[in-house]
*Asks:* 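First, the structure itself, so that you have it in front of you.
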Amino acid sequence: MTIRDRIFAKLEEYNMTQKEFSEKTGIPQTTVSDWKKKKTNPTAEKIMIICKVLNVTPEWLLSGVETRGNRSNPDKWFAVDADTEVGQIVSSYNSFSAEAQARLLGYVQAMKMAMDIYENGKKPKE
């Protein structure tokens, strides 16, 4: 199953028309139609909005694999919407020099340690 196939399967599951999907994602209806007619897939920059509208993970949309429960390895990466607070933090971090990034990471690690001490009443293991 391809990305396009998973999108149209979800549209069918949600009884969502291509027009509704187009309106919710901001992707032109002709583009969505082309995915089906020309058997093409969406471009990379559309993946996150598609995931948001269809309530699926990028991992599922791209591979069909969904991590469930705790039997699998935890994700080692994150996909973040740039318009969220976390996205703004990541965007800012990426705009910093290597020295500023290292300094910020040090602050975050010190804050995490302080919060662990505060919440647990003891210093975490290093």
Side-chain angles (χ1 to χ4, degrees):
M1 188 177 258
T2 66
I3 295 168
R4 159 190 81 251
D5 295 332
R6 283 187 278 283
I7 290 169
F8 289 112
K10 279 293 178 186
L11 292 179
E12 188 173 314
E13 179 182 328
Y14 294 149
N15 293 317
M16 186 184 303
T17 66
Q18 289 181 32
K19 182 179 180 182
E20 291 170 321
F21 178 72
S22 173
E23 290 169 355
K24 290 181 180 191
T25 59
I27 299 169
Q29 192 173 349
T30 55
T31 301
V32 176
S33 181
D34 282 348
W35 297 341
K36 194 168 212 167
K37 289 179 189 172
K38 297 179 181 178
K39 298 189 183 289
T40 59
N41 286 305
T43 57
E45 66 269 3
K46 305 292 186 204
I47 296 298
M48 293 311 295
I49 188 65
I50 291 169
C51 289
K52 188 173 186 178
V53 168
L54 296 180
N55 195 31
V56 298
T57 65
E59 182 178 17
W60 180 84
L61 185 62
L62 297 172
S63 69
V65 175
E66 187 66 62
T67 304
R68 290 199 174 97
N70 59 6
R71 294 192 64 169
S72 62
N73 293 328
D75 291 337
K76 300 286 185 199
W77 49 269
F78 297 98
V80 180
D81 182 337
D83 292 332
T84 64
E85 289 174 342
V86 174
Q88 292 172 10
I89 291 168
V90 171
S91 293
S92 295
Y93 176 86
N94 285 336
S95 72
F96 295 161
S97 67
E99 182 180 328
Q101 288 176 347
R103 179 174 284 161
L104 181 59
L105 186 55
Y107 292 148
V108 170
Q109 290 167 339
M111 180 177 258
K112 168 100 172 75
M113 184 178 288
M115 291 305 298
D116 287 345
I117 292 169
Y118 175 77
E119 291 172 356
N120 300 325
K122 60 185 178 184
K123 188 173 180 177
K125 294 180 182 178
E126 306 233 355

*Asks:* Mind checking the CD-OG1 spacing from E12 to T17? Nearest 0.5 Å is all I need.
*Replies:*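 Interatomic distance, E12 CD to T17 OG1, rounded to 0.5 Å: 13.0 Å.
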*Asks:* Give, for atom CE of M115 and atom CE of M113, the distance between the pair rounded to the nearest 0.5 Å.
*Replies:*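 With rounding to 0.5 Å, CE (M115) is 13.5 Å from CE (M113).
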*Asks:* Determine whether the side chains of T2 and D5 contain a donor N or O and an acceptor N or O closer than 3.5 Å.
*Replies:*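 Yes, a side-chain donor-acceptor pair sits under 3.5 Å.
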*Asks:* Please determine which of L61, L62, I7, I3 meets the side chain to side chain contact (heavy atoms under 4.5 Å, CB included) test together with N41.
*Replies:*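 Testing each of L61, L62, I7, I3 against N41, the sole residue satisfying side chain to side chain contact (heavy atoms under 4.5 Å, CB included) is I3.
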*Asks:* Main chain of Q18, side chain of S22: is a donor-acceptor contact present, judged purely on distance under 3.5 Å?
*Replies:*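 Such a contact is absent between S22 side chain and Q18 backbone.
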*Asks:* Take R6 and K10, measure what side-chain contact (heavy atoms from CB on, under 4.5 Å) needs, and give me the verdict at the end.
*Replies:* CA-CA 6 Å; R6 283 187 278 283; K10 279 293 178 186; 5.9 Å; no
*Asks:* If you measure from OH on Y93 to CG on L105, what distance do you get to the nearest 0.5 Å?
*Replies:*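 Separation between the atoms: 5.5 Å.
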*Asks:* When rounded to the nearest 0.5 angstrom, what is the spacing between CH2 in W35 and CZ in F8?
*Replies:*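 Those atoms lie 7.0 Å apart.
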*Asks:* Tell me whether V32 shares a hydrophobic cluster with Y14, the cluster being built from Ile, Leu, Val, Met, Phe, Trp, Tyr side chains joined at under 4.5 Å.
*Replies:*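 Result: yes, single cluster for both.
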*Asks:* How far apart are the closest heavy atoms of S92 and S95, and which atoms are they?
*Replies:*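 Scanning both residues completely, I find the closest heavy atoms to be O-OG, 2.7 Å.
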*Asks:* Using atom types as modelled, flag every donor-acceptor pair under 3.5 Å from a side chain in residues 42-55 to any protein atom, sequence neighbours excluded.
*Replies:*
from: T43; atom 1: OG1; to: E45; atom 2: OE2; distance (Å): 2.8

*Asks:* Are the side chain of S33 and the backbone of Q29 linked by a donor-acceptor contact shorter than 3.5 Å?
*Replies:*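 Judged by distance alone, no pair lies under 3.5 Å.
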*Asks:* Nearest heavy-atom pair of K24 and M16: which atoms, and what distance?
*Replies:*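 Closest pair (atom of K24, atom of M16, distance): NZ-CE, 4.0 Å.
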*Asks:* Around atom CD of E13, are there more than 12 heavy atoms of other residues, nucleotides or ligands at under 6.0 Å?
*Replies:*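 Result for CD/E13: enclosed.
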